[in-house]
Amino acid sequence: MRSIFDITISELETLLVSENFKKYNATQVFEGIYKKQVNSFSEINNISKELKIYLEENFKIDKLEVLEKLESSDTIKYLLLIDNASIECVLMKHNYGNSLCISTQVGCNMGCAFCESGTLKKIRNLSVSEIVLQVITIEKINNIKLDNIVIMGIGEPFDNYDNLIKAIDIFTTNKGMNIGSRRITVSTCGLVPKIKSFALLKTQVNLAISLHASNDKIRNKLMPINKLYNIKEVMEAIDYYIDKTNRKVTIEYILLDGINDSLDNARELANLVKGKLVYVNLIPYNATSHSEFKRCDKEKIDRFYKELITLNVNAIVRREMGKGIKGACGQLRASYEKKDI
Ligand code: SAH
């Protein structure tokens with residue numbers, strides 16, 4: 001049976017009208033499911049008995065089960081069960097509110113050398129409801145409203161583009177969850193055609209690009225996707241996105257000791273982003289189980305950061321969260337699947 005969390009409001013309107021219900025019934029259902037967060041259709045008291053029966057026969061109000069939970073002072077990492085697989089999401093408590101980092105795929109095929117998620121290949125895309133239910137589940141069990149959603153968990157969001165766009169539609173529908181687009185961020189490793197499609201949607205959703213290198217030689221080694229879409233093409237896609245949306249883009253750059261952290265790299269990076277409406281987010285590397293990479297010490301991070309600032313690049317060093325609880329992307333799931341937690 002289909003999950004009610006799989007369907008956007010406009011799809012539900014079309015469906016209900018085709019079943020001889022009224023278009024506004026979709027709004028009532030969305031308000032019941034997302035605002036009141038009912039557990040059964042019978043609890044939606046402003047709809048007809050016929051509609052309740054129709055919904056009960058055709059949709060389920062499902063939920064995700066928590067398999068594991070790891071907690072630190074500022075972060076709770078959850079492993080959720082979906083259909084014989086597991087996915088991660090991470091609740092981060094900032095002083096400005098609660099953010100949830102959610103996954104879009106089971107595993108990932110992008111194979112970035114520094115990333116734990118890539119050690120477990122993609123098994124499948126998450127469905128729309130599996131993306132949406134991460135948010136609902138965490139809100140329900142913590143009795144909170146999330147302030148921000150970051151789509152940077154396991155998987156490449158733009159490799160599951162259609163489901164991602166529908167999930168964002170559901171998050172932002174004002175009759176439903178009503179999360180402001182500007183409070184949602186999608187991070188991609190740089191799938192150029194999808195960056196362009198996303199630009200044309202003209203949402204206010206924030207876009208972050210995992211660049212992680214200042215030239216193709218380094219990026220080819222770190223991120224296999226660079227062989228398909230190199231830095232020049234990614235930068236052009238960023239220009240295109242900014243041109244269409246007038247929205248600032250985040251450039252993510254993990255600092256890896258001795259690999260991409262020299263002053264020359266900082267200058268090269270500054271050249272790449274010069275004059276663009278972007279800011280650079282410098283990310284301290286989170287060591288993973290398998291990798292040959294080392295984290296830069298604080299001095300090197302500072303040196304890189306200061307060089308960017310001197311060259312008039314808008315930059316920040318990302319505050320680290322979830323240390324000691326397998327905080328890096330994919331670490332909890334990887335350790336669970338390999339059964340060593
Ligand atoms: N596939 C998407 C989103 C998932 S990864 C993307 O590539 O952007 C989310 C972010 O975490 C990316 O910037 C990714 O490069 C970064 N990341 C992955 N492994 C990391 C690690 N070990 N330490 C720090 N950041 C990491």
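What you see is a predicted model; the values in this text were computed from it and never measured. Remember, it's 1-based here, ligands and their atoms both numbered in the order they're listed.
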Could you tell me whether ligand 1 has any atom less than 4.0 Å away from a heavy atom of Met110?
no
Side chains of Asn230 and Arg219 only: does a donor on one sit below 3.5 Å from an acceptor on the other?
no
For Gly153, the atoms of ligand 1 under 4.0 Å from one of its heavy atoms are 4 (C)
Within the 3.5 Å criterion, strictly below it, is a donor on Asp62 or Ser3 matched to an acceptor on the partner's side chain?
yes
Distance-minimising heavy-atom pair for Glu156 and Met110
CB-CG, 3.7 Å
In terms of atom number and element, which parts of ligand 1 are under 4.0 angstrom from non-hydrogen atoms of Cys189?
6 (C), 7 (O), 8 (O)
Do Ser103 and Glu88 pass the side-chain hydrogen bond (donor to acceptor under 3.5 Å, both in side chains) test, and can you show the C-alpha distance, the side-chain angles, and the key distance before you say yes or no?
CA-CA 6 Å; Ser103 297; Glu88 273 183 28; 5.8 Å; no
Looking only at distances, can you tell me whether any N or O atom of Glu116, backbone or side chain, sits closer than 3.5 Å to an N or O atom of ligand 1?
no
Do Asn271 and Glu268 have side-chain atoms, one donor and one acceptor, less than 3.5 Å apart?
no
Hey, is Ala287 one of the residues with a heavy atom under 4.0 angstrom from ligand 1?
no
At their closest point, which heavy atom of Ala26 faces which heavy atom of Glu13, and how far apart are they?
CB-CG, 3.4 Å
Measure the distances from the heavy atoms of Met223 to every atom of ligand 1 and state whether one is below 4.0 angstrom.
no
Show me which atoms of ligand 1 lie under 4.0 Å from any heavy atom of Cys115.
18 (C), 19 (N)
Applying a heavy-atom cut-off of 4.0 Å, say which part of Ile154 lies close to ligand 1: side chain, backbone, both or neither.
neither
Does ligand 1 come near enough to Asn286 that some N or O of the ligand is less than 3.5 Å from an N or O of the residue?
yes
Test your reading of the structure: does Met152 have an N or O sitting under 3.5 Å from an N or O of ligand 1?
no
For atom 13 (O) of ligand 1, which of the options Pro157, Ser210, Pro284, Ala208 provides the nearest non-hydrogen atom?
Ser210
Can you find an N/O atom of Gly155 closer than 3.5 Å to an N/O atom of ligand 1?
yes
Within 45 degrees of the axis of the six-membered ring of Phe304 and under 6.0 Å from its centre: does Lys300 put its NZ or CZ there?
no
Taking the six-membered ring for Trp and the full ring for Phe, Tyr or His, determine whether the centres of Phe114 and Tyr285 are under 6.0 Å apart.
no
